[in-house]
A.B. asks: 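There's a structure below that I have some questions on.
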Amino acid sequence: MPPAHPPPCGVAPAAAATCPLFLLPRRSLSRSLHLRLRRLSLPAPRAASHAHDAVLLRRAADAADRSAGLTSPHPNFGCVIARPQLETDNAEAWVVGEGFLYAQGTPCAELLAAQEAGEHARGATAYLNLEPGDCYGDSTAVSTLVQEALKSCLIVNAPLLYRAAFRVPFSVLKYAMTADGKIAASSGHASWVSGKSSRGRVFELRGRSDAIIVGGNTVRLDDPRLTARHVKGHVPVRIVMSQSLNLPEEANLWNVHDAYTIVATQRGARRDLQKKLALKGVEVVEFDMLNPRDVMSYCYDRGYLSVLWECGGTLAASAISASVIHKVYAFLAPKIIGGVNAPTPVGELGMNQMTQAIDLIDVSYEQIDRDMLMSGFIQPIPDLSPVIPSVDEMPSVDPEVSPYETNIISFYKTWDTFGAFSNFSPHPIHMPDENGDYFTWPTVEHYYQAHKFIGVDDPQAREIVQEIKLAKSPEEAARIGRTRQREFQELVRPDWDSIKIEVMYRATKRKFSTYSHLTDMLLSTAGSVLVEASPHDLFWGGGREGEGMNYLGRLLMQLRSEILGTIQTAVEVGEPA
């Protein structure tokens, strides 16, 4: 038998001697059991010191002692879940859940503590007088802590899970309202309902979204910019939904220098305004019947993972009714504005009984200065445990699909099966830069965007090249390159339209020659048509309905033919390929 570890500070020797076969807690125990459940957007909690740990371990031991004489043949076991608070240094006040093994055959201490802590378990630390083990013939003790951590891991990737399960982007409805449930005064004036700190949190939410959606009323009344100000890096696309296209000719959203704007409208609406918006760089997308479900399907096709709805009550109600809203962020301000006609966050849903109300799940609350943020899910996080049909089952699942033949292979996002074919794939390439010196470009897209400006004898053009070279992601490189191209057309090399295919091919060829496994993947597609499935890039991609020119797919097929030809020639002359 290994020697027993000495009890930590604050745990009585008597408690330590309860069961010598158990490993007793060490200083690292609280760290190893840290549930790591804090949302990324929450402020960092006060760090627990040795003294705090001692107090909380002592409390866990005291909890365990409450079952003395009742747990035989099990040891006395206690668990305390504590979450450091910025407001107080009193470790006892940090406790959000507590439990002890009451008797043989009853729920274990970890489960009871986690149940009591609920949502507050996120970002908390579990303090135990003994390491977690078998309570009553199963792994409930350990699995309870693991499940809490797993739940947070799922929440972090909720956008991906919802997108995969429902084939629409993860959609969050955000609104700020007064204590009497109004999002604006009767006049429509809404600046500002919430405080500055809450508005800062909204910027964070925007920075974590691929797109922001508003309705026509919001554009007419508020003239928003919808940028992720104060949040560096990612800039979401702005989408305006308007059936009639009854929108002003001048608006902050039509300035596409800071962020891209898409207007979704009914087919045939105000052709004159559509042309004017297009001249400003705004993309107009027509739908046969404009509705939230079809717009979300369109966003799914564009590869969006997360969408933030910052619309008024009418559009919010329509989106909820269409089942495309998955989570709600409600900022509650301690104000009363009144007004029979003052707008509310959600319009008519057709519900007449309180029993019909939609119950939010996994609800959490956070104080933000004077405001209160309540968030919760409308739909539970989907369980995506895979069920993969066998080859024999495939025809019954989809008679049109043969598991043995593939004539068309589509790729778009880097996480697709053949996503490594994308010019956005994370494969650095070593190629000359604007000075002729070899430089490691992070991606093909970095190289491509920079070459729009390489060779132009202008200091600003050189600055743009450097900006693209330093971009932290291919998305950022693409955004910089496209934005600067629109802003400073005179800085784009005059021969760009005639050489851009050559530039892309040169970089793509270097990528495949650098990474042999990519060449193997490309050769495995022999006999298949390769289609870059971007729904909106009609030059490099195939378009939404196959109307695109698919130049990237063509370049890859050309490269594949060259490689196969080289291999065939090598075989014929007896040289190694």
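Just so you know, these numbers come straight off a predicted model, no measurement behind them. Residue numbers start at 1 and run along the sequence shown.
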A.B. asks: The test is side-chain contact (heavy atoms from CB on, under 4.5 Å); show your working for Arg270 and Thr265 and say whether it passes.
C.D. replies: CA-CA 9 Å; Arg270 293 192 64 185; Thr265 188; over 6 Å; no
A.B. asks: Examine distances only and state if a side-chain atom of Ser375 and a backbone atom of Val328 form a donor-acceptor pair shorter than 3.5 Å.
C.D. replies: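 Looks like no, no N/O pair under 3.5 Å.
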A.B. asks: Does any part of the side chain of Glu366, heavy atoms only, come nearer than 4.5 Å to the side chain of Met372, both counted from C-beta?
C.D. replies: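 Contact flag for Met372/Glu366 side chains = no.
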A.B. asks: Side chains of Asn246 and Arg220: does their closest heavy-atom pair fall under 4.5 Å?
C.D. replies: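 Asn246 vs Arg220: side chains touch.
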A.B. asks: Do the side-chain N and O atoms of Ser198 and Asp371 include a donor-acceptor pair separated by under 3.5 angstrom?
C.D. replies: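 Indeed, the side chains of Ser198 and Asp371 share at least one donor-acceptor pair under 3.5 Å.
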A.B. asks: Hey, does the side chain of Thr261 reach the backbone of Leu253 with a donor-acceptor pair shorter than 3.5 angstrom?
C.D. replies: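 Yes, Thr261 side chain to Leu253 backbone: donor-acceptor pair under 3.5 Å.
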A.B. asks: Please report the interatomic distance CH2(Trp94) to OH(Tyr127), rounded to the nearest 0.5 Å.
C.D. replies: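 It comes to 7.0 Å.
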A.B. asks: Determine the minimum heavy-atom distance between Val193 and Thr178, stating which atoms define it.
C.D. replies: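 Heavy atoms of Val193 and Thr178 come nearest at CG1-N, 3.8 Å.
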A.B. asks: Out of curiosity, Ser323 OG to Ile378 CD1, how far, rounded to the nearest 0.5 Å?
C.D. replies: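 These two atoms lie 9.0 Å from each other.
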A.B. asks: With a cut-off of 6.0 Å (strictly less than), are more than 12 heavy atoms of other residues, nucleotides or ligands near CG of Leu305?
C.D. replies: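 Yes - once you tally the heavy atoms of other residues, nucleotides and ligands closer than 6.0 Å, there are more than 12.
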A.B. asks: Relative to each other, are the rings of Phe170 and Phe377 parallel, tilted or perpendicular (30° and 60° limits)?
C.D. replies: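 Answer is tilted, since the angle falls between 30° and 60°.
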A.B. asks: Test of understanding: with ring pair (Phe, Tyr, Trp, His ring centres under 6.0 Å), list the residues that count as partners of Tyr300, not counting sequence neighbours.
C.D. replies: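 If we apply the ring pair (Phe, Tyr, Trp, His ring centres under 6.0 Å) test to Tyr300, skipping adjacent residues, there are no hits.
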A.B. asks: Verify, without hydrogens or angle tests, whether Arg225 (side chain) and Asn252 (backbone) share a donor-acceptor contact under 3.5 angstrom.
C.D. replies: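 The answer is no, because no donor-acceptor pair under 3.5 Å joins these two groups.
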A.B. asks: Going through the checks in order, is the side-chain contact (heavy atoms from CB on, under 4.5 Å) test met by Gln356 and Leu349?
C.D. replies: CA-CA 10 Å; Gln356 297 175 285; Leu349 291 174; over 6 Å; no
A.B. asks: Would the distance check show the side chain of Ser297 and the main-chain N or O of Arg293 forming a donor-acceptor pair, the cut-off being under 3.5 Å?
C.D. replies: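 Pair found, side chain donor or acceptor close to backbone of Arg293.
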A.B. asks: Does Glu92 form a salt bridge (charged side-chain N to carboxylate O under 4.0 Å, His left out) with Arg58? I'd like the steps, not just the answer.
C.D. replies: CA-CA 10 Å; Glu92 293 279 353; Arg58 185 183 301 113; over 6 Å; no
A.B. asks: Between the side chain of Asn129 and the main-chain N/O of Ala60, is any donor-acceptor distance below 3.5 Å?
C.D. replies: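 Absent.
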A.B. asks: How far does CD of Glu249 sit from CG of Leu247, to the nearest 0.5 angstrom?
C.D. replies: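 Those atoms lie 10.5 Å apart.
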A.B. asks: Once you round to the nearest 0.5 Å, how far does OG of Ser191 lie from CG of Asp222?
C.D. replies: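 Spacing of OG (Ser191) from CG (Asp222) equals 6.5 Å.
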A.B. asks: Can you find a pair of side-chain heavy atoms, one from Phe77 and one from Glu110, that are under 4.5 Å apart?
C.D. replies: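 Yes - at least one pair of side-chain heavy atoms lies under 4.5 Å apart.
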A.B. asks: Is there a donor-acceptor pair under 3.5 Å between the side chain of Arg208 and the backbone N or O of Ser306?
C.D. replies: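 Here the side-chain-to-backbone pair does not exist.
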A.B. asks: Is it the case that the side chain of Trp254 and the backbone of Pro248 share a donor-acceptor pair, with hydrogens and angles ignored and the cut-off at 3.5 Å?
C.D. replies: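 Answer holds: yes.
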A.B. asks: Go through the steps for Met241 and Trp309 under the test side-chain contact (heavy atoms from CB on, under 4.5 Å), then give the verdict.
C.D. replies: CA-CA 11 Å; Met241 289 181 60; Trp309 293 70; 4.1 Å; yes
A.B. asks: Can you give me the closest heavy-atom contact between Tyr304 and Asp210, atom names plus distance?
C.D. replies: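 In this case the closest contact between Tyr304 and Asp210 is C-OD2, 3.6 Å.
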A.B. asks: Roughly how far, to the nearest 0.5 Å, is the CD1 atom of Ile213 from the OG atom of Ser171?
C.D. replies: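 Spacing of OG (Ser171) from CD1 (Ile213) equals 6.5 Å.
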A.B. asks: Ignoring hydrogens and angles, tell me if any N or O in the side chain of Glu532 forms a donor-acceptor pair with the backbone of Ser534 under 3.5 Å.
C.D. replies: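 Here the side-chain-to-backbone pair exists.
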A.B. asks: With side chains defined as the heavy atoms from C-beta onward, is the minimum distance between Val256 and Lys280 less than 4.5 Å?
C.D. replies: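 Val256 does not reach Lys280 side chain to side chain.
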A.B. asks: Between Gln274 and Glu286, which heavy-atom pair has the shortest distance, and what is it?
C.D. replies: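 Closest approach of Gln274 to Glu286: NE2-OE2, 2.9 Å.
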A.B. asks: Any non-hydrogen side-chain atom of Leu173 less than 4.5 Å from a side-chain atom of Cys311?
C.D. replies: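 They are in contact (side-chain heavy atoms under 4.5 Å apart), so the answer is yes.
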A.B. asks: Looking at every heavy atom in both Gly78 and Ala64, which two are closest together, and how far apart are they?
C.D. replies: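 Distance-wise, the nearest heavy atoms are N-CB, 3.3 Å.
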A.B. asks: Passes side-chain contact (heavy atoms from CB on, under 4.5 Å), Tyr162 versus Gln379? Steps please.
C.D. replies: CA-CA 9 Å; Tyr162 279 95; Gln379 302 177 37; 4.2 Å; yes
A.B. asks: For Gly181 versus Met177, what's the shortest heavy-atom pair and its separation?
C.D. replies: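 Heavy atoms of Gly181 and Met177 come nearest at CA-SD, 3.9 Å.
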A.B. asks: Give me the atom names and distance for the closest heavy-atom approach of Ala259 to Val235.
C.D. replies: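 For Ala259 and Val235, the tightest heavy-atom pair comes out as CB-CG1, 3.4 Å.
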A.B. asks: Has Arg302 got a side-chain atom pairing as donor or acceptor with Pro535's backbone, closer than 3.5 angstrom?
C.D. replies: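 Judged by distance alone, no pair lies under 3.5 Å.
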A.B. asks: Step through the shown structure and confirm whether more than 12 heavy atoms of other residues, nucleotides or ligands are within 6.0 Å of CE on Met289.
C.D. replies: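 Check fails, neighbour count at 12 or below.
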A.B. asks: State, with a plain yes or no, whether a side-chain heavy atom of Phe166 is found less than 4.5 Å away from one of Met296.
C.D. replies: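 No - every pair of side-chain heavy atoms lies 4.5 Å or more apart.
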A.B. asks: So how far is it from Glu116 CD to Leu112 CG, rounded to the nearest 0.5 Å?
C.D. replies: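 Here the interatomic distance stands at 8.5 Å.
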A.B. asks: Among residues two or more places apart or on two chains, list those pairs meeting salt bridge (Lys or Arg N to Asp or Glu O under 4.0 Å) that have a residue in residues 156-176.
C.D. replies: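 For residues 156-176, and leaving out neighbouring residues, the salt bridge (Lys or Arg N to Asp or Glu O under 4.0 Å) pairs sorted by first residue read Lys174-Glu310.
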